[in-house]
Amino acid sequence: MGFGIAPISVETDRFHELGAIKEKNAMSYSGLRVIREALNGQRGWKPAWRNPEPKPNYDIIVIGGGGHGLATAHYLVTKYGEKSIAVVEKGWIGSGNAGRNTTIVRGDYTLPPNTRFYDHSVGLWEKMERELNFNVMHSQRGVLFLHHNDAERDDHYRKTNIMRMQGTDGEILGPEKLRKMYPSMNFDGRFPITGAYLHRRGGTARHDAVVWGYARSADRRGVDILQNCEVTGFRIEQGKVLGIETTHGFIGAKKVGVSVAGNTSRVMDMAGIRTPIESHVLQAFVSEGLKPIIPGQVNYGAGHFYISQSDKGGLVMGGDLDKYNSCAQRGNLPVFESVIEAAVTLFPMLSRARLLRAWGGLQDMTMDGHAVIDETPIKGLYLNGGWCYGGFKATPAAGECFAHLLSTEQPHELAKPYRLDRFRTGYLLDEKGQGPNPNRQ
Amino acid sequence: MIINHPLLGPRDRQEFTYLGDACLIDRPGWQAEDAMDQFFEYVYLRDDPAGEHRELWYHEHGDRSWLVVTRNTVTHEITNVELASDVARKQGRSK
Amino acid sequence: MTQSNRLNGGLINRGKPLNFNFDGRTYQGYEGDTLASALMANGVRFLGRSFKYHRPRGIFTAGSEEPNALVELRSGARQEPNTRATVAELYEGLVACSQNYKGSLRYDLLALNDLFSDILSAGFYYKTFMWPAAFWEKVYEPIIRSAAGLGRLSGEDDPDEYEKGFLHCDLLVIGGGPAGLMAALTAGRAGANVILADEDCRFGGRLNVEQEDVDGKPAVEWVEQAVAELTAMDNVRLMPRSTAMGAFDHGIYGVVERVQDHLHTPVEGKPRQTLWRVYSKRAILCAGATERPIVFPDNDRPGVMLAGSMRAYANRWAATPARMVAVFTNNDDGHRTAVDLMAKGVDVTAIVDARLDAPTLTGVRLISGAHVIGTKGRHGLSSIRVRQADGREETLACGALGVSGGWNPNVHLTCHQGGRPVWNESIAAFVPGQNIPVGMSVAGAAKGLFSTEDALRSGAEEALAALEILGIAASALKLPRAVNSAYNLQPLYHVPHGKGRAWLDLQNDVTVKDVKLAHQENYRSVEHLKRYTTLGMGTDQGKTANVNALAIMAELTGKSIPETGTTIFRPPYTPVTLGTIGGRTVGKHFHPTRETPTDKWAREHNAPFDIAGDWMRARWFPQPGETHWRQSADREACNVRKNVGICDVTTLGKIDVQGADAASFLNRVYANGFAKLAVGKVRYGIMLREDGACYDDGTAARLAEEHFVITTTTANAGAVLRNMEFARQCLWPDMDVQLISTTEAWAQYAIAGPKSRELLQRIVDSEFDISNEAFPFMACGSVTLCGGLRARLFRISFSGELAYELAVPTRYGDALWRRMLELGRGLGVAPYGLEALDIMRIEKGHPTGRELDGRATALMLGMGRMVSRKKDSIGSTLDQREGLTDPNGLRLVGLKPVNQSEVITAGSQLVNETAPVQIDSEQGHVTSACISPHLGHSIGMAYLKGGDQRMGEIIRVVDPVRGTDVKVQVISTHFFDPEGGRLRA
């Protein structure tokens, strides 16, 4: 059951579905509505978003119809009162990493700027369904990071301590508690498991639904989502952006925000800007659907491996980058094999399950493993990119911060550490301590 | 992927460790006026093309030679492999 | 025992009857049967339930594209869920169960879902389950998850073994049907190295299931002869039961061989399955084609199956799904099913042909221009409803319906590297596009050439073309005579009449209505359609559903099928067992284990081990009576400071550096100076990354003018060598310097404590003067031990005591260790492990990887002055950036508790004395801590903002997770013997 939301208006009306038959808006989603439409031959469902023709110009254009771009549009309307917005997407919305990731949502980071940002994001995730009136199936089933020696354990204490100081949850578990949670885990493999940290507020969400939920919300509030519209260049005069050249012609804009994770370098190159980003492929895998066996999300540091189970029963797994620049969105056997080797090492009972599908995403890897949300040297042109492994979980907070930046032309408080000039000044983040080696970040 | 080592012939990618863009060969001079700016660009900024890319690979599980590989980042096709020391010398690096 | 639906003939061996068990009942089949064909022969039609609505499901196909007949094969630890009965070879004693029901297969409680199908339509869960908010996690999701998934894992460890192998060939032929056999024969006879792989247990492809002649003999005989010829060729490797599951870069293919799955129990010592990495110069995809159905209302009953599969069962497996069948087709190929089944004595009530101008057949009723618009029979088909062009309808009784909507070339591997297939209007199917993997070509039905004659020719042609590219001389083979059967397809994807739901994806229960709903709600791109409805996301990846769904969406949007496009094809072609991809690199063999020279001795003495990367290092050496680790570690540390201890430090990286430019080279890679290091001296050095962070530290010893030996930390040994090689080859290629790793060549031991020199004097040969004057602090040199064993001696100290490190060739490591313990007995020698090592280095304030965290600069470590500004060295420019020299940045400090009974723990955070425990109060963190047995209280090393300016200040160490909050004083990290007098003794 959901709440009806009035279109366009920034205020929301909430209705209690049971009993109250009156609905503000025929487009709202709820259990009652599902039943009514079932009896009505599904005739009443409207398009989740329109297919509008591009207007000649907008106040703000967001390039990139993924989770971040659409979240940005949503917040531009709902939080910052912007009215004239387009989201321009070269393919179908969510066709980039939003449609390819391993669906993890968590706020467990060690460096305080990251702890603050990602915890804020988790808070927005927790409100997302109500805000969007779309079930993104956000499931806070707990995220576990295993450790194998005292040094790793101490790192985990450092992390959970800062998380607790931020006000979110984090605890360290010993092997006995872990055995109860995951009796089928192998504690005595090559790297014995000596404990883990648990982040209960962490979990997963249905990645496509996030895109669709933000798209629907933005669209019904007047944002034009222009699919199959590829940006081919920028029109820049005297250091100021005037608009974008696209496969559907020129579209003017006062401000343009680039949010094209994976393709950041190519798009920024159109504006003559070089970035501290390398494009890399991250592979991900899913098994055939199985009855429930993995309740939470588990990370195995020694094997650079992580696993969770989707609501359809498939085991979703991932590991390291392939570690060479790639825009191919596919990887090769060495990583394919090493991810599954880790899976079977950690959970030997998975040996007889079958892998159903392998795919690859196109990840912006930066020189310190963290994002860029900032203005660029070109007036009116803004960048949201470089999300490395942390893009999906950042979706709502990135959208909010980017909307803030686009609307007010000032960085959001939480986004100040993610400015582009940090590489020049040395105020880097770098949780992994791997330095300017994107393939190790 | 297979890298055709100029001395040892075709080798599986698993024998190698990747570094990144071969622009890393052109290390700036430490005494330049704008050394800080030059080093910043050298260490941090990348072309990152979708297409032909000249990049550095290290034959870690082989002869430990560094190679400059020309590879297309969209198709992964490799069109050229040279010893990095040859490339470095050609680019004027010495002592 | 009855096998009521068994026919005559077929490629089964009636001399070998096999007993098997399905859902608790025993049946009989024959060698050569699959589980599906044997069940079919026994009259079992209903073997599973669909995913969402739990509708009854029967056998749909005869191959790996099967969406329905999924069983739990085997029981116990070898249980394998979601196994396609259509490819499971029958063996004696096979046990299988149906899956995905609550209660029993026949009386599945979850079949109630079907009553609510209108509510449970595509995407319904996105529109609900949102209120109350807490119910999603606590109520809705658990219910959804328990109903999700199809089969069940046993939860036990897999007793079988798996292997990985590597194969190399000139030509990989994928698929052993007519095209593949001709390609392999052509290339094999030319002498090329050929691998021919087929997912089936026998080669032949469609030739095993069709009633046709090749070269004047039954196709099966021609196949046998071809296989015999190929078997006899040494240059040809035949791989049956092997699926090429992925086309990877540069001609590399992943091929999964099911070595022993057709046996009841694998023979021990041999793998159950093998993952082959095949390196091919050229490959030919001869993967054939997969049939698609026509979609009509109520088309999902058990008994409705693909027409080509129906005749495959009759011809190859001598089984029929029913004694009275019908055929529904839009092409000539469907007629062959009727002909073949009638030939085996099965009644064919009619061929319902959608084409008005369909050719008639003798002996069977043909209803042209007609559609099947409905069916009856819940647990198995009993009748079909047929509508003719003029609107007349009739009901025909039948137990099975073979449906042929056309054939889809199996283009999948051509698209694994990002290519897309192209639509071929003449056969109304996708064929390989232009952008296929380098080195691959396509032949036969996989290319859209469906007749046997065309497939044979195509295979031979592609092989000749490949051989020419390979530079191998070859002559064209005489092509065997074969049929060139007509196709004459008139596209019909779904039937426009009839009531009831028309099913597209039989496993995930996606209907035409769902596609219409997706269209209505604007999920119109093919990827949105797939993700919104879940069409094609089941274990069969929509092989028999995708094209029909595309056609329907194309119709709705008014676009053509090619304009609508396809989703991306990805590996694996069919699902692959995880154990196979893991091979032997699992469990204890997941990573290599690196053992030190004293490993054996340490295990003999029950030392617990720590993981240091891939190394195993002893943590402490318990003595009898010691029950807590600190008893052992404190004893060991005290013994070092009082007598002498020995510690295995072999794992630290060692790199030998030689050449005329060795010194100036080291001067460039270390931040501090090495150019003027005297021969016979050692110096501590720090290495920076080019961005200024200090990523490693160690020592460099100058053994001769042009010969250095440097050490690194254990963790970074590889990285240091890599970076040094980079500098040598790429930055300064004309420097005369060579490097080699010697980490594993030398066993290296620390010998530390006031009596360390005395111990050494008992092993170093007397001609070497190691007095304090002759061999002072930071000296090094070559010596011999125990009467001539060459060794290297370095006077360096990590513990802060008078200490040395002694290196001998690794093979003497164990013996030397034991000798030192023997000879040092009177001196109180004892081994010490990692914990004691750590205690002592913390007492001295020496940083390790805990402090060299990859972010810290020399300045943060308190070593800022070590970075020389008078020379070029890696990192010395960017380490001066404002962010890295910010006076309020982190600085390494020492901490001691104000109340000496309190304990500082590593991983704690720092806040100011009166600050609240909140993130905005964070001032740093504790990197290392111990309870010092020498000082009698806890000490810690920590990074503190502006710490170097805050000596003496009181701050707090807080640990909300462990619930502690300790007041500490900021002091120097040199807690013990700060002047270093003990070192120089």
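All chains are named by letter (A, B, ...) in the order of the sequence lines, taking the proteins before the strands, and each is independently numbered beginning at 1.
Comparing A/Ala302, A/Pro112, A/Gly91, A/Ser287 by how many heavy-atom pairs each has under 4.5 Å with chain C, the most go to A/Pro112. When the candidates C/Glu80, C/Met245, C/Gln909 are compared by the number of heavy-atom contacts under 4.5 Å with chain A, C/Gln909 comes out ahead. Comparing C/His416, C/Glu922, C/Gln417 by heavy-atom pairs within less than 4.5 Å of chain A, the highest count is held by C/Gln417.
Here the rule is side-chain contact (heavy atoms from CB on, under 4.5 Å) with A/Asn135, and of C/Trp136, C/Phe124, C/Trp131, C/Tyr140 only C/Trp136 fits it.
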Derivation of the side chain to side chain contact (heavy atoms under 4.5 Å, CB included) call for C/Glu137 and A/Ser139: CA-CA 6 Å; C/Glu137 301 263 0; A/Ser139 167; 3.8 Å; yes
Applying side chain to side chain donor-acceptor pair (under 3.5 Å) to A/Glu288 and C/Thr539, what does each step give before you reach the verdict? CA-CA 6 Å; A/Glu288 295 177 331; C/Thr539 62; 4.7 Å; no
What's the verdict on salt bridge (Lys or Arg N to Asp or Glu O under 4.0 Å) for A/Asp150 and C/Arg619, showing C-alpha distance, side-chain angles and the deciding distance? CA-CA 11 Å; A/Asp150 287 355; C/Arg619 300 182 74 184; 2.7 Å; yes
Does A/Glu337 form a salt bridge (Lys or Arg N to Asp or Glu O under 4.0 Å) with C/Arg277? I'd like the steps, not just the answer. CA-CA 11 Å; A/Glu337 291 177 43; C/Arg277 199 184 288 187; 3.0 Å; yes
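With hydrogens and angles left out, the side-chain atoms of C/Thr593 and A/Arg190 include a donor and acceptor closer than 3.5 Å. With no hydrogens or angles considered, no side-chain donor-acceptor pair links C/Gln79 and A/Arg352 at under 3.5 Å. Between the side chains of A/Arg158 and C/His925, at least one donor N or O sits under 3.5 Å from an acceptor N or O. No side-chain donor from either of C/Tyr125 and A/Asp311 sits under 3.5 Å from a side-chain acceptor of the other. In this model, a donor atom of one side chain and an acceptor atom of the other lie less than 3.5 Å apart for C/Tyr126 and A/Arg206. Counting only N and O atoms by type, the side chains of C/Thr83 and A/Arg354 include a donor and acceptor under 3.5 Å apart.
Using a 4.5 Å heavy-atom threshold, the side chains of C/Tyr162 and A/Val344 count as separate. Put simply, the side chain of C/Val917 does not reach to within 4.5 Å of the side chain of A/Arg164, judged on heavy atoms. The shortest side-chain heavy-atom distance between A/Ser30 and C/Lys127 does not fall under the 4.5 Å cut-off. Between A/Tyr157 and C/Thr905, the closest side-chain pair of non-hydrogen atoms is not below 4.5 Å. At least one side-chain heavy atom of C/Asn522 sits under 4.5 Å from a side-chain heavy atom of A/Asn51. The closest side-chain heavy-atom distance from C/Leu153 to A/Leu350 is below 4.5 Å. Contact check for A/Met349 versus C/Asp158: no side-chain heavy atoms found under the 4.5 Å cut-off.
At a 4.5 Å heavy-atom cutoff, the contact between C/Pro592 and chain A is made by backbone atoms alone. Neither the backbone nor the side chain of C/Ala612 comes within less than 4.5 Å of any heavy atom of chain A. C/Val526 does not touch chain A: none of its heavy atoms, backbone or side chain, sits under 4.5 Å away. Neither the backbone nor the side chain of C/Arg584 comes within contact range of chain A, judged by heavy atoms closer than 4.5 Å. With a threshold of 4.5 angstrom between heavy atoms, A/Leu355 approaches chain C through its backbone and through its side chain. Neither the backbone nor the side chain of C/Tyr695 comes within contact range of chain A, judged by heavy atoms closer than 4.5 Å. Contact annotation for C/Phe116: neither backbone nor side-chain heavy atoms come within less than 4.5 Å of a heavy atom of chain A. Contacts of C/Arg689 with chain A are made by side-chain atoms alone, with heavy-atom separations under 4.5 Å and no backbone atom involved. Heavy-atom distances place no part of A/Leu346 under 4.5 Å from chain C, backbone and side chain included. Neither the backbone nor the side chain of C/Ala856 comes within contact range of chain A; no heavy atom of the residue lies under 4.5 Å from a heavy atom of that chain. For C/Lys164, the part lying near chain A is the side chain, with the backbone staying farther off; criterion is any non-hydrogen pair under 4.5 Å. Proximity to chain C is absent for every atom of A/Arg153, based on heavy atoms less than 4.5 angstrom apart. Contacts between A/His156 and chain C at a heavy-atom distance below 4.5 Å are absent for every atom of the residue. Neither the backbone nor the side chain of C/Leu120 has a heavy atom closer than 4.5 Å to any heavy atom of chain A. Only the backbone of C/Glu156 comes within less than 4.5 Å of a heavy atom in chain A; its side chain stays farther off.
In this structure, the side chain of A/Asp154 does not engage the main chain of C/Ser928 through any donor-acceptor pair within 3.5 Å. Between the side chain of A/Lys46 and the backbone N or O of C/Glu521, no donor-acceptor pair lies under 3.5 Å. Side-chain N or O atoms of C/Arg531 include one that pairs as donor or acceptor with a backbone N or O of A/Gly99 at under 3.5 Å. The closest donor-acceptor contact from the side chain of A/Arg357 to the backbone of C/Pro572 lies at 3.5 Å or more, if one exists at all. When atom types are taken as modelled, the side chain of A/Asn149 and the backbone of C/Ile611 share a donor-acceptor pair closer than 3.5 angstrom.
Here the two rings, on A/Trp359 and C/Phe569, have centers that are 6.0 Å apart or farther.
A salt bridge links A/Arg141 and C/Glu141; the closest N-O separation between the charged side-chain nitrogens and carboxylate oxygens is under 4.0 Å.
With sequence neighbours left out, C/Thr857 forms a side chain to side chain donor-acceptor pair (under 3.5 Å) with no residue at all. Partners of C/Arg617 according to the side chain to side chain donor-acceptor pair (under 3.5 Å) rule, which considers only residues two or more places apart in sequence or in another chain, are C/Thr651.
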